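Reckoned from all heavy atoms, side chains included, excluding hydrogens, waters and symmetry mates. Just so we're clear, the structure is a prediction, and the values are computed from it rather than from any experiment.
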Amino acid sequence: MMEPVSVDIDTTQQLPADPLPFARSYQLEALEQALKQNTIVFLETGSGKTLIATMLLRSYAHLLRKPSRFIAVFLVPEVFLVRQQAGVVRMHTDLNVGMYWGDMGIDFWHAATWKQEIDKHEVLVMTHQILLNGLRQGYFKLDLIKVLIFDECHHARGNHPYACIMTEFFHRELRSGHHDLPRIFGMTASLIKSKGASSESYYRQQISELENIMNSKVYTCASETVLAEFIPFPATEFLFYEPMKIPDGIYACLEEELGNLKEKHELLLKQLDLSESAAESVHNKISKVHSTLMVCSGELGVWLAFQAARFLSHRDTDSDFIAWGKVDVSGETIVKKFCWDASLVISNCFSAECCIGDNTGADVGAGLITAKVLCLIKTLLQYRDLKDIRCIVFVERVITAAVLESLLRELLPKHSSWKTKYIAGNNSGLQSQTRQMQNEIVEEFRKGMVNIIVATSILEEGLDVQSCNLVIRFDPPSSVSSFIQSRGRARMQNSEYLLMVKTEDSTTHSRLENYLSSGDIMRRESLHHSSTSCSAPQSELYEDEFYRVEGTGAVVTLSSSVSLINFYCSRLPSDGYFKPAPGFIIDKEKETCTLHLPKSSPIPNICVEGNIKNLKRKACLEACKQLHLIGALTDNLVPDVVEEEAAAQEIGNERYDDEQPIYLPPELASQGPRNLKTKYYCYLIELNQKFDYGVPVHDIVLVMRTELESDVLSSMGFELEVERGLLAVNLRYIGDIYLDQVPVLLCRRFQITLFEVLIHREVNKLEEVLKGLELGTGVVMDYFLLPAIRSRSQPSIDWAPISSVLFSYKNKDHFNCSSKGNAHVVHTKGGPVCTCVLRNSLVCTPHNGSVYYITGASEDLNGRSLLKLRDGSAITYKEHYAKRYSIQLRFDQEPLLEGRHVFLVHNFLHRSRTHKEKESKKVRVDLPPELCDVILSPVSISTLYSYTFIPSIMHRLESLLIAVNLKKMHSDHCMQNVDIPAMKVLEAITTKKCQEKFHLESLETLGDSFLKYAASQQLFKLYQNHHEGLLSMKKEKIISNVALCRCGCDHKLPGFIRNETFDPKLWMVPGDKCGSDLLSEEPLSERRKIYVRGRRKVKGKTVADVVEALIGAYLSTGGEVLALFFMDWIGIKVDFMIVPYERHFQLQAEKFVNVRYLESLLNYSFRDPSLLVEALTHGSYMLPEIPSCYERLEFLGDAVLDYLITMHLYKEYPSMSPGLLTDLRSASVNNDCYAQSAVKADLHKHILHNSQDLHKQIVETAEIFQKSSLGSTFGWESETSFPKVLGDVIESLAGAILVDSGYNKEIVFQSIRPLLEPLITPATVRLHPARELSELCQKQHFDYKKSVVPCNGRNASVTIVVGANGVIFKHTATAANKKTAKKLASKEVLKSLKESTFASSSTPSKID
């Protein structure tokens, strides 16, 4: 015997009661007992039991408040009670309350997530199974729970989670001598759940069992009179109705007709091409509907049976009662048709003009309704004068609730304004309403918008509907608790509780009379034995064998082991033809049980012996132990894949800051004062015009402080697409030079002036920019771009144009010109100057902010000359400037200057430049000298033209130097000599957004395939016990965008990425202090630095793409070894060490497959033919001789084939445009392509499986393929979908050959390639119809819509609608899956569009 446990608290600090001021006397008594010992409060519904629980929590609050590690847990049996009870606790306490139920995905939470919740909340309100699972998995510990509340604790019997929590954990801890256990507090309106009995000893036994299992004593009031002061008790009455059934003739006729109809539809079912399981499922549903309709006919009447048939036949109504599951569409149609035909048969039993309820007596006589239904109608109508009625009618079946609602909706409006709705839970495979719908109905009931609810038992327990004043039990309560709880729904003063009973049914009447007295008996027995101590519960669960993980405390018992094994199997890989499940073979004579686990489990079978009663559970417990020991179950005893999923979700939730730096190469910038002579390296930028134009280009000298590597120089040979043709660029070293402060400042002044004018045309700001030219201490873009003098022997810097920046009006030579002829002095904006000095000068005209190049002075034009206007009229130049600019020309007799607009600076790196610089019709511009201000003189027009290309050329050089710095950063950390062309690295860090001739897509595709293969083979070797699903999740952790982005960010890659189109206006002019002020230094490593010139947004996926592209760059130039070195540096640790594939079984391959034929087909002889068997074994093939299926080999083969085909395409077509490789790969590496190859090679005949569905689909597919005229096995031409299994075996065979050959990839390609021939080429690849249609709609701005009919069975329908300029193009396609249906629908819409005039300019389906 044992007393209920008390919480281990210092006696000097006993818990004070913290009652609420409005608490009732019995609530305070109950609280006082609950503080002293574990307590079950047994009180009527509506008596405020939750309030007692809340006061108990208030009393414990000081022990629960954070940062305390302790919590309270409030358990409820139904999801809808979580919010209700949490709301009460929040209302009456200041504790932090968390709410938990299954739909939140809690099954897949792991320890870290639960720790966060426990650290955050003080009271956790949850459904019972969550706590039980949490205790079993070691996420919760009883010693951390100070208060454990059980709502509706009468459920604590047998295998109910309440009972399991107490027996598996509480009593086990108690028995071990632990006393730091939670205070137990139970609440119930009925101490027993069963049907009850007349003897008081039965009640005493049941109460004693509940007290023992809950380790608690019952608190209750001495009689109902105590409670009656505070809560109303409904008057309970019996309603007796005559046992009148529908006329025998009508019933017999219906029975025969519906029986014949059932047989007819079962015959139709046999004609359908359904699998055995699907056919059986449809057959069962027809039988269920038939049975339901016969029950409705007998118990409710023909009219209500007709309503039931109508409900069941309307698929799209809100009340879709049949839970279809995975019934085939054609099978579902048969069931619906049966329902509809049944409604027609039943309707023959009454006339079409029949109006139910006009004469209820006649309706009963005609069998339209039964006497029971009539009794309900009459009873309700007795209250018709009561406007504010709230009535609940309790029924047993969902269909009864629905059809009674239909009857009352039709009949009651004739007599009152009452509104009726029904609420039904899940019952016998009938579909439930959503919780939201139920909550809305209850809310309407509270507000009086609904007066009558017809409900199943879902409204009995806990749901708070305080405004109810009438409860009618249409069907009798099934148990004492059902009786008490449904009676408790009548909460209003003067409410009534009516029990409908058939007059001759004395058994039911007697049982209900017992229920009426049960409350008094339970109270009496509880009070009588209140001083008796609790005993240990007499439960098998208590004596269960169990397995405990010491580290976490996770536990699995005999009783929980079966569900854990089922859960484990449910998380193994599966497909549409096979759902992994445990299989048991029990030998009763030998008293042994063999548990066969699915083939993807690392343990194939478990054999145990012992008591026949527990054999199955014993086998499961042993399996749990072994699965844990090898790691397939974690230390929390959950499947390893669940923990992987949780970890993957955490990685996916990591925050990424997309604001990233823009790096500038240190080679182009320097810091600090330089008064002494400094060494500079000179490089000649050679410009070669490949087009005819009146203005030639000339070379430019790049002068910089850093010596460029030969790799950079060789990469700087490229062509620019300029307006008139191609301009060839080349860079070569021509020597070095020493410069001191004076020429440095002169060079800076020259290039700043020239570029500011060419790029920005900002002459007004030029003076401000040039002010800060003195040598400072900050970082500056330290290189020069100077005109060159061409020389065959040695090109050099042309200092003459550089000196043009020194032009001054004060220079007497500028107006004392010795030249003869037309040269003479004119007045300019800045002063008098000779016209010969103005020739070949750059001037600005401040009045309009323009810049012009002056070619000379006009001999015959001056300010008085006529200017022809656009309208044909003419005025003098003097009049024009006066009229348009309000400028009075003072020197109107001086010759006008001949000028021309300067050239525009563009992004000449743009891959498809569409803008053409238009030559002005009037190339010449005549300018009055007095309006011109000289900027540079003399400077050649060739110099100006040549310098327009320099920003684009320097941007390419800057990008190359960025790539070089990235390459060096990697080399610093690599022990081996790793060298790849800088241009390849640049390609890998250049995104498509840059719109240059190259970008990363091809390298990304190549790198992605290699990364996938490298990770897959590493995981395959490392985790030989892991199934494919787990391997795939581990692979995702390595190769996912999130993981790759993190690796890239850890190594500062985002700053190197080029993801913006070059804009010359944003180019930093060398020497310009304004731009240099933005520069800041950032260390890349201990020995290397780089400059940051700003920030921009870079998406996480872009970083991941660049990581893959860099892998592709190293792979394509240095092979797999260099690619692995780079991956190792970036943080992806894989190797190509060969590890033996462990095979712990022997089998004769020839017994299962035709080894000789298959080796001949594959042109490969297996060293271990068991690999060939494994590669052809589907998961459904359950023979124990073959312990593995093909999934692991498929995982490996998928990766190696993807890599081999991608690498083949990359090498075979080296000059293909970026992006084409992606299209070639996606058209070659897909299940349809592999599946067609498998059928073509007859491999489908050799697959080992045990699935009728799969067999049918393979046969159908093979027949369609043989009839088709497809010449290739690639692309998107096929109009049928192929079972994934067919494609899988091509991959698994590739995996088998790879493992058997010692990971020789060439052998794999040689063996598999012939099966895939002819391989795709750039000439044969075509766009996927869905992609082509999408791109066409985007280009032409067509309206595109897609709708998908959910796939109920093997078929799915996709409708595609395109609106093109007001014309609708629509097609619906049905196929075995959504993907194929979408392809077919897209194909047809495309065809229609192309035949019309709307898509005449569309892109062709063939890829360029």
Side-chain angles (χ1 to χ4, degrees), residues 660 662-663 665 709 711-712 714-716 718 909 911 955-971 973-974 978-1012 1014 1039 1041 1044-1045 1047-1060 1062 1084 1090 1098-1132 1203 1206-1207 1209-1211 1214-1222 1225:
Q660 295 292 347
I662 308 170
Y663 287 161
E709 297 174 7
D711 184 18
V712 175
S714 62
S715 300
M716 281 297 290
F718 59 96
L909 296 166
R911 69 168 174 267
H955 180 71
R956 171 61 57 83
L957 178 60
E958 182 185 318
S959 301
L960 270 168
L961 290 172
I962 281 292
V964 167
N965 278 272
L966 174 55
K967 197 173 71 163
K968 286 178 180 175
M969 188 170 71
H970 170 227
S971 300
H973 293 80
C974 193
V978 175
D979 192 29
I980 70 167
M983 196 62 206
K984 236 3 168 192
V985 178
L986 177 56
E987 185 183 334
I989 61 174
T990 302
T991 67
K992 205 171 182 177
K993 280 188 175 179
C994 294
Q995 299 188 44
E996 296 189 19
K997 290 180 181 176
F998 57 85
H999 58 77
L1000 57 75
E1001 192 169 337
S1002 286
L1003 291 176
E1004 178 207 337
T1005 302
L1006 184 63
D1008 173 65
S1009 69
F1010 179 72
L1011 173 63
K1012 179 181 168 185
I1039 72 170
N1041 285 336
L1044 295 179
C1045 177
C1047 289
C1049 291
D1050 289 346
H1051 292 79
K1052 299 180 180 278
L1053 282 193
F1056 292 96
I1057 294 171
R1058 301 170 67 246
N1059 71 332
E1060 294 171 331
F1062 172 57
L1084 287 178
I1090 204 158
V1098 181
K1099 290 181 179 177
K1101 184 183 183 304
T1102 303
V1103 181
D1105 291 346
V1106 167
V1107 171
E1108 290 176 334
L1110 285 165
I1111 294 169
Y1114 279 86
L1115 176 68
S1116 62
T1117 53
E1120 294 178 353
V1121 174
L1122 284 197
L1124 289 175
F1125 283 152
F1126 175 77
M1127 287 163 63
D1128 183 71
W1129 171 69
I1130 206 80
I1132 303 167
Y1203 170 48
T1206 306
M1207 183 56 99
L1209 293 167
Y1210 184 83
K1211 288 181 175 178
S1215 60
M1216 65 179 142
S1217 61
L1220 181 55
L1221 180 64
T1222 308
R1225 177 196 189 192

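- Leu986 has its side chain within reach of Phe998: a pair of non-hydrogen atoms, C-beta onward, lies under 4.5 Å apart.
- One distance of note links CG of Leu1053 with CG of Leu966; it measures 6.0 Å at 0.5 Å rounding.
- In this structure, Asn965 contributes its side chain and Pro665 its backbone to no donor-acceptor pair below 3.5 Å.
- A distance below 6.0 Å separates the ring centres of Tyr1114 and His970.
- With contacts defined as side-chain heavy-atom distances shorter than 4.5 Å, the pair Leu957/Val712 qualifies.
- Sparse packing is recorded around NZ of Lys992, with 12 or fewer heavy atoms of other residues, nucleotides or ligands lying under 6.0 Å away.
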Checklist entry - Ile1039 and Leu1011: side chain to side chain contact (heavy atoms under 4.5 Å, CB included), yes or no, with the steps? => result CA-CA 7 Å; Ile1039 72 170; Leu1011 173 63; 3.6 Å; yes

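- A distance of 6.5 Å separates CZ in Phe1126 from CD1 in Ile1111, rounded to the nearest 0.5 Å.
- Note: Thr990 OG1 to Glu1060 CD = 12.5 Å, rounded to the nearest 0.5 Å.
- Note that CD1 of Ile980 and OG of Ser1116 are 7.0 Å apart. Values are rounded to the nearest 0.5 Å.
- Between Lys968 and Glu709, at least one side-chain nitrogen of the basic residue sits less than 4.0 Å from a carboxylate oxygen of the acidic one, meeting the salt-bridge criterion.
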Checklist entry - Where do Trp1129 and Leu1124 land on the side chain to side chain contact (heavy atoms under 4.5 Å, CB included) test, with the steps shown first? => result CA-CA 9 Å; Trp1129 171 69; Leu1124 289 175; over 6 Å; no

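- Across all non-hydrogen atoms, the minimal contact from Asp711 to Ala982 is OD2-N, 2.8 Å.
- Residue Glu1004 holds its CD atom at 11.0 Å from CG of Leu1110, rounded to the nearest 0.5 Å.
- Checking Arg1058 against His999 by side-chain atom types alone, no donor-acceptor pair falls below 3.5 Å.
- Contact annotation: the side chain of Ile1057 never approaches that of Ile662 to less than 4.5 Å [non-hydrogen atoms, C-beta and beyond].
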Next on the checklist: Pair Leu1221, Glu1001 - check side chain to side chain contact (heavy atoms under 4.5 Å, CB included), show working.
Outcome noted: CA-CA 8 Å; Leu1221 180 64; Glu1001 192 169 337; over 6 Å; no

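- For Ala988 against Ala1113, the heavy-atom pair with the smallest separation is CB-CB, 4.1 Å.
- Going from atom CD of Gln995 over to atom CZ of Phe1062 covers 14.0 Å, rounded to the nearest 0.5 Å.
- Asn1059 and Lys993 get closest at one heavy-atom pair: O-CB, 3.5 Å.
- Here the side chains of Leu1115 and Leu1122 are not in contact, with every heavy-atom distance at 4.5 Å or above.
- Of the possible polar contacts, none joining the Thr1102 side chain to the Val1098 backbone as a donor-acceptor pair under 3.5 Å is found.
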Checklist entry - Can Met1207 and Ser1009 be said to form a side chain to side chain contact (heavy atoms under 4.5 Å, CB included), step by step? => result CA-CA 8 Å; Met1207 183 56 99; Ser1009 69; over 6 Å; no

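- Looking at every heavy atom in both residues, Leu1000 comes nearest to Ala1109 through CB-CB, 3.7 Å.
- Side-chain contact between Cys1049 and Pro1054: present, with at least one pair of heavy atoms (C-beta onward) separated by less than 4.5 Å.
- Counting only heavy atoms from C-beta outward, the side chains of Glu1108 and Phe1010 never approach each other to under 4.5 Å.
- A pairwise comparison of heavy atoms in His973 and Met969 identifies ND1-O, 3.0 Å as the closest pair.
- Between Ile962 and Ile1090 there is a side-chain heavy-atom pair separated by less than 4.5 Å.
- Remark: the Glu958 side chain and the Tyr663 side chain contain no N/O donor-acceptor pair separated by less than 3.5 Å.
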Next on the checklist: Please determine whether salt bridge (charged side-chain N to carboxylate O under 4.0 Å, His left out) holds for the pair Lys1101 and Asp1105, giving the CA-CA distance in whole Å, both sets of side-chain angles, and the decisive distance to 0.1 Å.
Outcome noted: CA-CA 6 Å; Lys1101 184 183 183 304; Asp1105 291 346; 2.9 Å; yes

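- Open room surrounds NZ on Lys1099; 12 or fewer heavy atoms of other groups in view lie less than 6.0 Å from it.
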